[in-house]
Amino acid sequence: SADEELYVSSSIEGTKFTASSSTTYRFTITSGAYTHTPSNEGWVTSISIYKNREIEWGDNVPVNPDYSIGDDTFKSTLEEAEQIAKGDSVDIPLEENDYVIFVAGDGKGNYGDNTGGVYFSISEPYLLFSDDFERSAYSDKWKSGAGFGGNKNTITIVDGYIESTTNGN
């Protein structure tokens with residue numbers, strides 16, 4: 001299936017994603033950044049993610065997220081912040097109708113002056129084995145080598161997902 005896109009604005013409400021089916025969703029930062037300073041002097045990409053619950057506030061900022069992604073180091077330009085986080089991804093297992101809320105970081109009363117947001121692609125990681133794949137000495141880290149004449153291609157699988165491939169040619 002083609003990747004979906006999700007835009008997380010830098011608003012206090014955050015952005016909600018509801019799962020249409022039970023699977024693991026991969027959320028990957030594709031572009032964007034936001035600033036939460038009135039004069040736009042610092043750009044960041046940090047996003048807190050809450051699964052099946054509302055945003056948790058402590059000292060007027062989002063706290064104790066279930067997942068987080070992006071970078072909260074101030075960069076002088078949107079482009080610089082975007083380059084650091086582009087390609088970062090987080091895998092979140094969701095049942096049908098589960099939801100996650102993505103929220104930018106800021107003080108609770110200060111979201112009004114924010115500018116920008118972060119774009120994500122949503123895809124499903126390529127799952128080779130289901131979670132009920134027999135747990136044995138080799139199910140957590142399984143390798144298969146195929147080749148002839150000394151050439152060997154290797155696929156390394158960790159927890160059912162491809163971790164790495166090597167081409168022995």
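In this structure, CD1 on Ile101 lies 12.0 Å from OG on Ser48, to the nearest 0.5 angstrom. From Ile122, atom CD1 reaches atom OG1 of Thr30 across 10.0 Å, with rounding to the nearest 0.5 Å. Rounding to the nearest 0.5 Å gives a distance of 10.5 Å between OG of Ser68 and CG of Asp88.
Residues Gln83 and Glu80 form no side-chain contact, since every pair of their non-hydrogen atoms from C-beta on lies 4.5 Å or further apart. The closest side-chain heavy-atom distance from Phe120 to Ile47 is below 4.5 Å. Counting only heavy atoms from C-beta outward, the side chains of Lys51 and Leu94 approach each other to under 4.5 Å. Ile49 has its side chain out of reach of Pro65: every pair of non-hydrogen atoms, C-beta onward, lies at least 4.5 Å apart. Between Thr115 and Trp43, the closest side-chain pair of non-hydrogen atoms falls below 4.5 Å.
Remark: Phe27 pairs with Phe17, Phe102 by the ring pair (Phe, Tyr, Trp, His ring centres under 6.0 Å) rule, at least two apart or across chains. Applying the side chain to side chain contact (heavy atoms under 4.5 Å, CB included) test to Val61 and every residue at least two apart in sequence or in another chain returns Val63.
Taking both residues in full, the closest heavy atoms of Ala85 and Ile29 are given as O-CB, 3.7 Å, listed atom of the first, atom of the second, then distance. Residue His36 comes nearest to Asp113 through the heavy atom pair O-OD1, 4.1 Å, listed as atom of the first residue, atom of the second, then distance. The two residues Asp66 and Arg53 make their nearest non-hydrogen contact at OD2-NE, 3.0 Å. Looking at every heavy atom in both residues, Ala104 comes nearest to Ser9 through CB-O, 4.3 Å.
Although no hydrogens or angles enter the test, the distance criterion places no donor-acceptor pair under 3.5 Å between the side chain of Glu5 and the main chain of Ser121. A donor-acceptor contact shorter than 3.5 Å links the side chain of Thr45 to the backbone of Asp71. With hydrogens and angles ignored, the 3.5 Å screen pairs no side-chain donor or acceptor of Tyr111 with any backbone N or O of Glu13. Using a distance-only test at 3.5 Å, with no hydrogens or angles considered, a donor-acceptor pair links the side chain of Thr35 to the main chain of Gly42. Side chain of Thr15 to backbone of Tyr7: a donor-acceptor contact under 3.5 angstrom is found. For the pair Tyr34 (side chain) and Gly105 (backbone), a donor-acceptor distance under 3.5 Å is present. Not one N or O on the side chain of Ser31 forms a donor-acceptor pair closer than 3.5 Å with the backbone of Tyr119.
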Q: Dump the intermediate steps for side-chain contact (heavy atoms from CB on, under 4.5 Å) on Trp57 and Ile12, then the final yes or no.
A: CA-CA 11 Å; Trp57 298 94; Ile12 193 169; 3.8 Å; yes
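Cluster membership for Val118 and Ile84, using ILVMFWY side-chain heavy atoms within less than 4.5 angstrom, is not shared. Hydrophobic clustering keeps Tyr50 apart from Val90 (ILVMFWY residues linked when any side-chain heavy atoms are closer than 4.5 Å, directly or through intermediates). Hydrophobic clustering (side-chain heavy atoms under 4.5 Å, transitive across Ile, Leu, Val, Met, Phe, Trp, Tyr) groups Ile69 together with Leu6. Side-chain heavy atoms closer than 4.5 Å link hydrophobic residues (I, L, V, M, F, W, Y) into clusters, and following such links, possibly through other members, connects Tyr67 to Val44.
Applying the side chain to side chain donor-acceptor pair (under 3.5 Å) test to pairs two or more places apart or on separate chains, those with a residue in residues 94-105 are Ser22-Glu95, Asn52-Asp98.
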